[in-house]
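In what follows, every chain begins at residue 1, and chains take the letters A, B, ... in the order their sequences are listed. Source: prediction; values computed, not measured.
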Amino acid sequence: MIRVRDLTKRYGSHLAVDRLTFEIGPGEIVGFLGPNGAGKTTTIRVLTGFHPATGGTAHVAGHDVATDSLEVRRRLGYLPQEVPIYPDLRVAEYLRYRAALKGVPPKARAQAVARAMDKAGIADVARKLVGHVSHGYRQRVGLADALVANPPVLVLDEPTSGLDPNQRRRIKQVVRDLAPEHTVLFSSHILGEVQEVTNRVLVIHRGVLRADGAPAELVGAGARRRLRVAVRGEPQALASALAQAGVAGEVATCDGLAVVDVALPPGHEPVPALAAALAARALPVHELRIELPTLEEWFHGITEASDAAGEAGIAPAGGAGGGA
Amino acid sequence: MTALVATFRKELLSFFVSPVSWVVGILFYWWRGVELRALVDYFARYRIDQELLPPQTYGLGSTFLMVVLVPGLLTMRSFAEERRTGSLETLLTAPIRDGEVIVGKWAAATVFYSLLWLPSVLVLHALEYGPFLGADLAFGPVFAAYLGMFLLSGMLLAFGCFASSLTDNVLLAALLTIMFDYGLLSLPRQLAAQLGELADAYYVRELLDKLDVMRNFSEWFARGLIDTSQVAFYVGGIVFFLCLTGISLAARRIA
């Protein structure tokens, strides 16, 4: 539904997006992650036809954003980061105007507006002036605007920014409910939120795609997993069980328990072998678990690593994972 | 076309709910009323041919207000405000051509401007009745004069849209338009005076004549004469400034 190939965007000498490539299939909800200034909004503005790309191509619903921008915009609902709405129009009036602008036939407009207001949960402020509703409601009016023509593709740029927890929860639920009818690109820098809503994330940093895949897979495949084992028994017995399972680590004692806490190399799955070795030694297991880094730690890791590589003059690595 | 009509309707509505529009309308009609009353008294006192009254109204100070100040006030928000608040992004990412946005905004401003003028025709019509002048005024020249005013204002409003597209500062946009409007009214005559003999050269004279809006108005439209070359000049000006607005918007997208 969205296909981006070698997309590049320069503002003068500043390279905002550097040969970005990804694909999003129909019905997918994809998180677009990156720190502030990473190039998320620039990419989105190219996809929505607001800015032209400097290089590469982008297709939305089969139409080229550069040569067929109008057709792209007919199939795309866009919620910008800051929702700028005309304050002197009533909410329903504004949505009727936007529906007309988006080519919704006159007879279907009332129904389209009612449906969009219902989905965004703003029916109770339909007759209020847009300038008089709270920031949270205004954000939801923006979401209703993106939904009003029922486009197959939705691009939501930080839709929950500045909202209170209840409002964020509501928006996330709305976004989750959009699949599988709609393809959604959901930009955010709040990682937990993306994890809750999407089944795939694209991570962009300094204009370059750093990772692409399911959050759990990306985090699980990271190099920061830790194995933590605590048994009641002799430290030597635990050390020998660890050695049998191929885990190198120093055993300590704590409150009468033999304890080990080691980092695991990527791809190493020692738990079955270790469990068997511990059982063979009849060691009572107090704790045996693998700790995954949080999405936040993982995100920090890959963006910091690329910054460090950049400072050291090393070319950044390509995207990790491969969910495309 | 639907998108153009939607833009036009929304913009026209925004004029009706804007306090600036109401202040302009009230100020114009208060001032015009005062001036018109003085003019009618003058005609009555000196027993001047009342047929000459309508052309005299075009030279009133309130007309100057409408031509020089109002186009800038009406168009200052058209793009500058959208750019300032960020709503231009929402507008230009909707399935609407830049040209439809520009024409929709310009047409709404022109219609609202024409509506501001409309009651002044009704006032002239009311003067025909007994308690006032009781005169049979010729409305042919009035029609031609209002057509001229419509064309001129169309061009000034098109420039206003262009000026508004250049900045996100509404006051600067208004100021640019007011300066242009004043320049268009005064510069050709001043230029002709400064150029001396050079102003008598055929092409220079033709150019200055075409640009001399005041002269065109008093010698043609106010006398009930419609010259197609004048009409073409104003229509050309409208198209020219609307195209410049389109280029300005396209340039902002690329920047």
Side-chain angles (χ1 to χ4, degrees), chain A residues 9-12 41 44-54 60 63 65-66 68-90 93-94 96-106 109 129-131 138 141-142 145-146 148-149 151 155 157, chain B residues 1-23 74 76-105 107-108 112 165 168 170 246-255:
Chain A
K9 177 69 186 174
R10 276 183 182 280
Y11 293 107
T41 299
I44 284 173
R45 283 180 168 169
V46 172
L47 287 176
T48 55
F50 188 60
H51 282 164
T54 311
V60 174
H63 297 274
V65 298
D68 209 1
S69 170
L70 207 60
E71 287 306 315
V72 168
R73 285 181 271 158
R74 284 202 178 103
R75 288 161 178 79
L76 188 139
Y78 173 40
L79 171 65
Q81 191 175 349
E82 287 295 324
V83 182
I85 298 174
Y86 308 108
D88 46 6
L89 291 181
R90 294 183 194 284
E93 254 172 10
Y94 171 72
R96 274 199 296 274
Y97 156 64
R98 294 291 294 176
L101 212 59
K102 293 175 180 191
V104 177
R109 262 175 226 159
L129 288 175
V130 175
R138 198 177 298 191
V141 173
D145 169 23
V148 76
V155 175
D157 193 2
Chain B
M1 196 64 182
T2 314
L4 193 156
V5 173
T7 307
F8 170 78
R9 287 177 62 174
K10 182 247 156 201
E11 290 295 322
L12 194 59
L13 176 71
S14 72
F15 283 123
F16 280 102
V17 297
S18 161
V20 173
S21 312
W22 288 101
V23 169
L74 290 186
M76 65 181 181
R77 292 176 69 214
S78 55
F79 291 98
E81 181 81 350
E82 300 256 19
R83 195 181 299 288
R84 191 181 65 77
T85 61
S87 56
L88 195 65
E89 182 176 355
T90 329
L91 183 61
L92 297 183
T93 52
I96 178 169
R97 292 179 179 85
D98 289 5
E100 289 177 304
V101 174
I102 295 164
V103 172
K105 283 176 178 283
F112 187 79
S165 74
D168 57 4
V170 289
I247 292 168
S248 165
L249 281 190
R252 288 276 172 160
R253 276 180 190 263
I254 294 165

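For A:Arg45, the part lying near chain B is the side chain, with the backbone staying farther off; criterion is any non-hydrogen pair under 4.5 Å. Proximity to chain B is absent for every atom of A:Leu76, based on heavy atoms less than 4.5 angstrom apart. Within the 4.5 angstrom heavy-atom criterion, no atom of B:Glu81 approaches chain A.
By the side-chain contact (heavy atoms from CB on, under 4.5 Å) test, A:Arg74 pairs with A:Leu70, A:Glu71, B:Pro95, sequence neighbours left out. With sequence neighbours excluded, the residues forming a side-chain contact (heavy atoms from CB on, under 4.5 Å) with A:Ser69 are A:Arg73, listed by chain and number.
Residue-environment remark: CD (A:Glu82) stays at or below the threshold of 12 foreign heavy atoms within 6.0 Å.
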Kindly list each side-chain donor-acceptor pair under 3.5 angstrom involving residues 1-12 of chain B, sequence neighbours excluded, with atom names and distances?
{"unit_1": "B:Thr7", "atom_1": "OG1", "unit_2": "B:Ala3", "atom_2": "O", "d": "2.8"}
{"unit_1": "B:Glu11", "atom_1": "OE2", "unit_2": "B:Lys105", "atom_2": "NZ", "d": "2.9"}

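Counting all heavy atoms, side chain and backbone alike, A:Tyr97 lies closest to B:Leu91 at OH-CD1, 3.4 Å.
For the set B:Gly104, B:Ala94, B:Gly86, the entry with the most heavy-atom pairs within less than 4.5 Å of chain A is B:Ala94. When each of B:Thr85, B:Leu92, B:Thr90 is checked for heavy-atom pairs under 4.5 Å with chain A, B:Thr90 comes out on top.
Side-chain contact check for B:Ser14 versus A:Asp88: some heavy-atom pair is nearer than 4.5 Å.
Interface residues of residues 98-105 of chain A toward chain B, defined by a heavy-atom distance below 4.5 Å and sorted by number: A:Arg98, A:Ala100, A:Leu101, A:Lys102.
Taking OH of A:Tyr86 as the start and CG of B:Leu13 as the end, the distance is 12.5 Å to the nearest 0.5 Å.
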